[in-house]
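To keep things clear, I will list the structure first and then write my remarks on it.
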Amino acid sequence: MNFDKASRKALHGTEIAVLIVIAIATVVAILQEIALMIANLEVTLADLLLLFIFLEVLAMVGIYYKSGRLPVRLPLYIAIVALARYIIIDMKAMDFWVMVGIAIAILLITISILILRFGHIRFPYTDEAGHAEGPKRGPGPA
């Protein structure tokens, strides 16, 4: 076994191990949040958004495990939800300009997602064999 093959195998094993740790830690965090909601006898929008963030992290782990690639858009979606949650939690105590700054950050992330999506459709990635990996299109002219 040559060094290149061994290093690739070790790297892949490390990726799988870290994915498992992230998945387990996320499930533990979900269970902790559910326990907190039960203890408080209250479910707030902030709690639901936090659970949604955890769900997106699990989805990201699943996609990375299946494809070996991490779409850049997923962390951006998580960032939008996290910023929205931040506004919801601290809205009453938040300074006007801080809220405007967060709203602008959400807008910029949204624009970034649109640009990435347009770029992926217009200029699809190619795999090592040169095949396009863009969105699948149905029959008919493209």
Side-chain angles (χ1 to χ4, degrees), residues 1-91 93-95 97-142:
M1 189 184 304
N2 63 18
F3 178 75
D4 185 49
K5 189 174 182 180
S7 62
R8 286 184 192 201
K9 196 170 189 177
L11 182 60
H12 182 68
T14 303
E15 286 177 351
I16 298 299
V18 172
L19 283 175
I20 290 169
V21 169
I22 292 170
I24 291 170
T26 305
V27 170
V28 169
I30 290 170
L31 294 174
Q32 288 174 337
E33 182 63 24
I34 291 171
L36 186 62
M37 288 186 294
I38 291 170
N40 292 338
L41 296 175
E42 179 183 31
V43 178
T44 65
L45 182 58
D47 295 328
L48 296 175
L49 289 173
L50 185 57
L51 289 174
F52 183 71
I53 290 170
F54 292 145
L55 183 64
E56 288 295 320
V57 170
L58 283 177
M60 207 166 42
V61 168
I63 289 171
Y64 188 79
Y65 178 75
K66 288 178 189 174
S67 70
R69 296 181 181 176
L70 183 64
V72 173
R73 291 191 319 260
L74 287 179
L76 294 176
Y77 295 143
I78 293 171
I80 290 172
V81 174
L83 288 170
R85 182 178 182 274
Y86 177 61
I87 288 176
I88 290 167
I89 290 173
D90 293 335
M91 184 183 300
M94 195 175 290
D95 178 62
W97 290 109
V98 172
M99 193 177 302
V100 168
I102 294 170
I104 290 171
I106 291 172
L107 178 65
L108 290 173
I109 294 170
T110 303
I111 291 169
S112 299
I113 291 169
L114 290 172
I115 291 169
L116 286 168
R117 184 70 182 135
F118 173 78
H120 185 69
I121 290 170
R122 186 80 170 116
F123 308 104
Y125 302 119
T126 57
D127 61 11
E128 288 79 22
H131 300 103
E133 293 182 357
K136 305 294 183 221
R137 299 186 190 268

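What you see is a predicted model; the values in this text were computed from it and never measured.
Remark: Ile63 CD1 to Leu58 CG distance equals 11.5 Å, nearest 0.5 Å.
Residues passing the side chain to side chain donor-acceptor pair (under 3.5 Å) test with Tyr64, sequence neighbours excluded: Glu15. The salt bridge (charged side-chain N to carboxylate O under 4.0 Å, His left out) search around Asp4 returns Arg8, not counting sequence neighbours. For the side chain to side chain donor-acceptor pair (under 3.5 Å) test, residues two or more places apart in sequence or in another chain that qualify with Asp47 are Thr44. With sequence neighbours excluded, the residues satisfying side-chain contact (heavy atoms from CB on, under 4.5 Å) with Arg73 are Tyr77, Ile113, Leu116, Arg117.
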Would you tabulate the side-chain donor-acceptor contacts of residues 78-90 under 3.5 Å, counting partners in other chains and residues two or more places apart, or write 'none'?
unit_1 : atom_1 : unit_2 : atom_2 : d
Arg85  : NE     : Ala46  : O      : 2.9

Pair up each side-chain donor or acceptor in residues 99-112 with any protein partner under 3.5 Å, not counting sequence neighbours, and list the distances.
unit_1 : atom_1 : unit_2 : atom_2 : d
Thr110 : OG1    : Ile106 : O      : 2.8
Ser112 : OG     : Leu108 : O      : 2.9

Going by atom type alone, with no hydrogens or angles, which donor-acceptor pairs under 3.5 Å involve a side-chain atom of residues 17-43 and a protein atom two or more places apart or on another chain?
unit_1 : atom_1 : unit_2 : atom_2 : d
Thr26  : OG1    : Ile22  : O      : 2.7
Asn40  : ND2    : Leu36  : O      : 3.4

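At a threshold of 4.5 Å between non-hydrogen side-chain atoms, the residues Phe52 and Leu48 do not count as touching.
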